[in-house]
Protein chains: 2
Amino acid sequence: MAFSKTEAFTDVDQKLALWAKALSHPARVAILRELAQRNACICGELVANLPLSQATVSQHLKVLKEAGLISGEIDGPRICYCIHWPTLEEMENALNRLFKQIKPCC
Amino acid sequence: MAFSKTEAFTDVDQKLALWAKALSHPARVAILRELAQRNACICGELVANLPLSQATVSQHLKVLKEAGLISGEIDGPRICYCIHWPTLEEMENALNRLFKQIKPCC
DNA sequence: ATTGTATATCGTAAATATACGATTAAATAT
DNA sequence: ATATTTAATCGTATATTTACGATATACAAT
């Protein structure tokens with residue numbers, strides 16, 4: 001009697017759900033915005049700009065990374081996070097297809 | 001030391017996060033698709049088409065309803081769910097603005 | 001009035017998410 | 001070599017989500 005029967009749905013819907021989940025916390029939306037604005041950004045500055053602890057921000061970054069929406073490259077003692085454009089585009093396209101498919105009627 | 005400090009973020013990011021959360025389970029994406037295809041649909045048919053129990057589907061419908069993405073009207077002994085277009089458009093627009101704001105760089 | 005049908009809600013168990021302090025790891029700088 | 005800095009991970013507490021059986025509710029039909 002396991003939980004989260006996500007495997008029973010289509011790949012497209014699973015992917016959409018995973019991306020949506022990645023965006024389902026305002027901190028993560030804010031992080032994406034922030035990274036985009038600077039086009040690249042270290043984690044430290046993010047922590048300074050968010051009302052969350054370093055540990056928590058790091059956790060949110062991990063979620064975004066696992067969803068493929070950002071990537072982080074080592075740069076000396078810090079990590080330079082930036083948006084991973086290919087996945088972001090993929091997500092945007094999937095959403096647009098969903099809306100397109102949904103909207104015609106009515 | 002409460003949890004989920006969502007109130008510390010902007011209204012826009014909170015809204016986006018709430019909508020994303022509503023889409024963060026494949027069953028709910030599938031429900032939206034299904035409702036859109038028929039433009040209106042009773043819950044019973046949804047249950048028949050989803051690998052989930054009636055109680056669980058009803059719960060997912062509640063989440064979508066609370067996010068404003070669907071509405072349900074009483075129709076005899078059943079409830080006729082359908083997509084709530086104004087909110088769906090609002091969400092689509094908010095997402096497009098986010099992508100637009102994010103994409104310019106790089 | 002009783003029965004049947006459709007859907008919501010309740011109760012509950014398990015999984016996942018959120019948050020943070022403390023610690024660790026890894027590179028830089030001294 | 002040692003100290004400093006930056007970010008990840010660990011441990012832990014609490015909250016929320018997911019799932020379902022059982023029950024309640026509300027209307028329709030008989």
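Letters go in sequence order (proteins before strands), and every chain restarts at 1.
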Taking OP1 and OP2 of [N], is either one under 4.0 Å from a side-chain nitrogen or oxygen of [X]?
X	N	result
A/T56	C/dC20	yes
A/S58	D/dA8	yes
A/K21	D/dT17	no
B/K5	C/dC20	yes
A/Y81	D/dT6	no

Between [X] ([atom1]) and [N] ([atom2]), how many Å, whole number?
X	N	atom1	atom2	value
B/E7	D/dA15	CD	P	14 Å
B/K62	D/dT17	NZ	C1'	13 Å
B/D75	C/dT7	CG	P	9 Å
A/L50	D/dA7	CG	P	13 Å
B/I74	D/dA26	CD1	P	9 Å
A/L18	D/dT18	CG	P	12 Å
A/I79	C/dT24	CD1	C1'	14 Å
A/L61	D/dT6	CG	P	16 Å

For the residue pair A/H25 and A/H60, does the interplanar ring angle fall in the parallel (under 30°), tilted (30 to 60°) or perpendicular (over 60°) class?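 Tilted: the ring planes of A/H25 and A/H60 meet at 30° to 60°.
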Looking at A/E73, I'd like to know if its CD atom is crowded, meaning that more than 12 non-hydrogen atoms belonging to other residues, nucleotides or ligands lie closer than 6.0 Å.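 Open.
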Of all the choices, [options], which nucleotide is nearest to the side chain of [X] once you look at every atom?
X	options	value
B/A55	D/dG21, D/dA8, C/dG21	D/dG21
A/R78	D/dG21, C/dT9, D/dT6	D/dT6
B/H25	C/dA8, D/dA7, D/dT18	D/dT18
B/I42	D/dC20, C/dA8, C/dT7	C/dT7
B/P77	D/dA8, D/dA19, C/dT5	C/dT5

Test side chain to side chain contact (heavy atoms under 4.5 Å, CB included) applied to A/L18 and A/T6, step by step: CA-CA 10 Å; A/L18 281 176; A/T6 52; over 6 Å; no
Going by purine N1 to pyrimidine N3 plus the second Watson-Crick contact, or the G-U wobble pair, all under 3.5 Å, which nucleotide sits opposite C/dT30?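 Pairing partner: D/dA1.
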Just call it for A/L52: base, sugar-phosphate, or nothing, with non-hydrogen atoms closer than 4.0 Å on any strand.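 If one applies the 4.0 Å heavy-atom cut-off, A/L52 turns out to touch the sugar-phosphate alone, with no base involved.
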Taking atom types as they are modelled, is there a donor-acceptor pair under 3.5 Å from the base of D/dA19 to the side chain of B/Q59?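 Side chain to base: pair found, below 3.5 Å.
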Hey, does the side-chain of A/Q54 have a donor or acceptor N/O within less than 3.5 Å of a partner on the base of D/dA8?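 Looking at the base of D/dA8, it does pair with a donor or acceptor on the side chain of A/Q54 (distance under 3.5 Å).
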Minimum heavy-atom distance between A/K5 and B/P51, given as atom pair plus value: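 Distance-wise, the nearest heavy atoms are NZ-O, 3.2 Å.
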Criterion side chain to side chain contact (heavy atoms under 4.5 Å, CB included) on A/F9 and A/L16, from CA distance to verdict: CA-CA 11 Å; A/F9 298 90; A/L16 275 170; over 6 Å; no
Report the residue (B/T6 or B/V57) whose heavy-atom-nearest nucleotide on DNA chain C is the more 5′ of the two.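 Its nearest nucleotide being more 5', the pick is B/V57.
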With A/R28, the side chain to side chain contact (heavy atoms under 4.5 Å, CB included) member among A/L23, A/V63, A/I70, A/L69: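 One option only clears the test, and that one is A/V63.
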